[in-house]
Amino acid sequence: MVSEDHLKAAKQRMLDQHLRSRGITDERVLAAMERVPREEFVPAPLRGRAYDDRALSIELGQTISQPYTVAFMAQAARLEGHERVLEVGTGSGYGAAVLCHLASEVYTIERWPELFDSATQRLERLGFHNVVTKLDDGSLGWPEQAPFDAIITTAAAEQLPNVFRDQLAEGGRIIIPIGELSGGQTMFRITRRNGTFEEERLGLFSFVPLVCQS
Ligand code: SAH
């Protein structure tokens, strides 16, 4: 059994040493990372390691992204609380849960039925009500719910799926790791301004692949 005290201390270390000291300065993001119980999103044997700053294995060879990466992407999306956000790659549901505290509506898509089912149940059990989950190929976006103020992709793409630009609201941001799947990927922020798309490179990361059927 992992004690509550252990988890509390580990969470505080995550906030101070892995997030604040590495440049996560958005207080809303830090508060969201504090509120979400990451231990509920990892397989039971890994509960004690939930707040380590590393990606952990979940089902089907997929991963729950490391806390720093989740916080980095959330901060990069510049959310103020009123936004509609699309997340591609629900995985464990952890990233979606963090986004629930930062935006008004979260739409999240997962391609594997087992992950979709367990994340949907987990988010409901933990009381996240401003999230809608969908089982589908997220590289198609979610046209019925577009436009989005932010589109956050938690799997690596070789290139930006075309439809993401079309589904982005004016002023909206796409946060997506792009690059060769074997090496690392560059995190991009693509901002829509007056119909043009401004690209910024935010650093190097390593993600599982975005699998596109289309
Ligand atoms: N945000 C997740 C991280 C998941 S890792 C979390 O916090 O746990 C990336 C996820 O993207 C995996 O679950 C993988 O199955 C999913 N994925 C990969 N390609 C996809 C696609 N085309 N559409 C939807 N989900 C996809």
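Indexing begins at 1, ligand by ligand and atom by atom, following the structure's order. These figures come from a predicted structure and were not determined experimentally. FYI, the numbering just counts along the sequence from 1.
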Open item on the list: Side chains of Thr108 and Glu87 only: does a donor on one sit below 3.5 Å from an acceptor on the other?
Closed with: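 Short answer, yes.
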TODO: Give the contacting part of Tyr94 toward ligand 1: side chain, backbone, both or neither, where contact means a heavy-atom distance below 4.0 Å.
DONE: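 Within the 4.0 Å criterion, Tyr94 contacts ligand 1 through backbone and side-chain atoms alike.
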TODO: Examine the proximity of ligand 1 to Leu115 and report which part, side chain or backbone, both or neither, has a heavy atom under 4.0 Å away.
DONE: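 It is the side chain that gets close, since no backbone atom is under 4.0 Å.
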Task: Sidechain-backbone polar pair: Asp26 side chain, Gln75 backbone, donor-acceptor under 3.5 Å - done: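 A pair under 3.5 Å: no.
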Open item on the list: Taking Met33's backbone N and O only, do any of them form a donor-acceptor pair with Arg35's side chain (distance below 3.5 Å, no angle check)?
Closed with: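 Not at all, since once roles are kept as given, no pair shorter than 3.5 Å links the two residues.
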- [ ] Kindly check if the number of other-residue, nucleotide or ligand heavy atoms within 6.0 Å of CG (Asn162) is above 12?
- [x]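 Incorrect, the count does not exceed 12.
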Task: Six-ring centre of Phe188, Arg201 cation under 6.0 angstrom, axis tolerance 45° - done: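 No, a cation-pi geometry is absent between Arg201 and Phe188.
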- [ ] With side-chain hydrogen bond (donor to acceptor under 3.5 Å, both in side chains) as the test, would you mind laying out the steps for Thr63 and Ser57 before giving the verdict?
- [x] CA-CA 5 Å; Thr63 54; Ser57 297; over 6 Å; no
Show me which atoms of ligand 1 lie under 4.0 Å from any heavy atom of [X].
{"X": "Trp112", "value": "15 (O)"}
{"X": "Thr63", "value": "3 (C), 4 (C), 5 (S), 8 (O)"}
{"X": "Val208", "value": "5 (S), 9 (C)"}
{"X": "Ile64", "value": "8 (O)"}
{"X": "Asp137", "value": "21 (C), 22 (N), 23 (N)"}

Open item on the list: I'd like to know if Val98 contacts ligand 1, where contact means a heavy-atom distance under 4.0 Å to any ligand atom.
Closed with: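 Contact absent.
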- [ ] Say whether Val211, considering both its backbone and side-chain N or O atoms, lies within less than 3.5 Å of an N or O atom on ligand 1.
- [x]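 N/O-N/O distance below 3.5 Å exists for this pair.
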Open item on the list: Going by the closest heavy atom to atom 15 (O) of ligand 1, which one wins out of Glu110, Glu114, Arg111?
Closed with: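 Residue with the shortest heavy-atom distance to the ligand atom: Glu110.
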